[in-house]
Amino acid sequence: MRIVVNGVPREVADGATVAEVLAALGLPSAGIAVAVDGAVVPRASHAVTVVAPEASLEVLTAVQGG
């Protein structure tokens, strides 16, 4: 199915969860914030939140600095 991640169209398996999308992108589960269609998905819910076709995901990584 087709989704959009940070403005870039992507193909993922039907019924993919947020955790599976992150893994497919090679991203770690820690230090990541994810919003699906504008709603923040808590990290504890990544493995059970199924991404709908045509969903828009915003993935942000934590940056340390000062």
Side-chain angles (χ1 to χ4, degrees):
M1 77 177 162
R2 181 186 147 116
I3 63 171
V4 177
V5 180
N6 292 349
V8 178
R10 304 271 185 178
E11 289 291 327
V12 297
D14 288 347
T17 64
V18 170
E20 292 168 335
V21 172
L22 293 176
L25 295 173
L27 297 171
S29 60
I32 298 284
V34 179
V36 177
D37 293 331
V40 174
V41 178
R43 188 170 65 168
S45 298
H46 286 184
V48 296
T49 302
V50 176
V51 179
E54 301 298 325
S56 177
L57 278 70
E58 293 297 324
V59 181
L60 304 170
T61 57
V63 178
Q64 188 173 359

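Below, each value reflects all heavy atoms present in this structure, side chains not excepted, and no hydrogens, waters or symmetry copies.
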**Student:** Show the nearest heavy-atom pair for residues Ala52 and Ile3, with the distance to one decimal.
**Tutor:**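 Smallest heavy-atom distance, with atoms named: O-CG2, 3.8 Å.
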
**Student:** Find out whether Asn6 and Glu58 are in side-chain contact, i.e. whether some heavy atom of one side chain is under 4.5 Å from a heavy atom of the other.
**Tutor:**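 A side-chain contact under 4.5 Å exists here.
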
**Student:** Kindly indicate whether the side chain of Ile32, heavy atoms from C-beta on, has any atom under 4.5 Å from the side chain of Leu22.
**Tutor:**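 When only atoms from C-beta onward are counted, Leu22 and Ile32 do touch, with a gap below 4.5 Å.
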
**Student:** Determine whether Arg10 and Leu25 make a side-chain contact, defined as any pair of heavy atoms from C-beta on separated by less than 4.5 Å.
**Tutor:**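 Contact flag for Arg10/Leu25 side chains = yes.
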
**Student:** Which atom names give the shortest non-hydrogen contact between Pro9 and Gly7, and what distance separates them?
**Tutor:**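 That closest heavy-atom pairing would be CD-O, 3.8 Å.
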
**Student:** Is there a path of hydrophobic side-chain contacts, each under 4.5 Å between heavy atoms, that joins Val18 and Val4?
**Tutor:**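 Val18 does not cluster with Val4.
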
**Student:** Can you find a heavy atom in the side chain of Thr17 that is under 4.5 Å from one in the side chain of His46?
**Tutor:**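 Heavy-atom side-chain distance check fails, nothing below 4.5 Å.
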
**Student:** Give a yes or no on whether Val59 and Val50 share a hydrophobic cluster (residues Ile, Leu, Val, Met, Phe, Trp, Tyr; joining criterion: side-chain heavy atoms under 4.5 Å apart).
**Tutor:**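 Cluster IDs for Val59 and Val50 differ.
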
**Student:** Which heavy atom of Val21 sits nearest a heavy atom of Ala16, and at what distance?
**Tutor:**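 Heavy-atom minimum between the residues: CG2-CB, 4.2 Å.
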
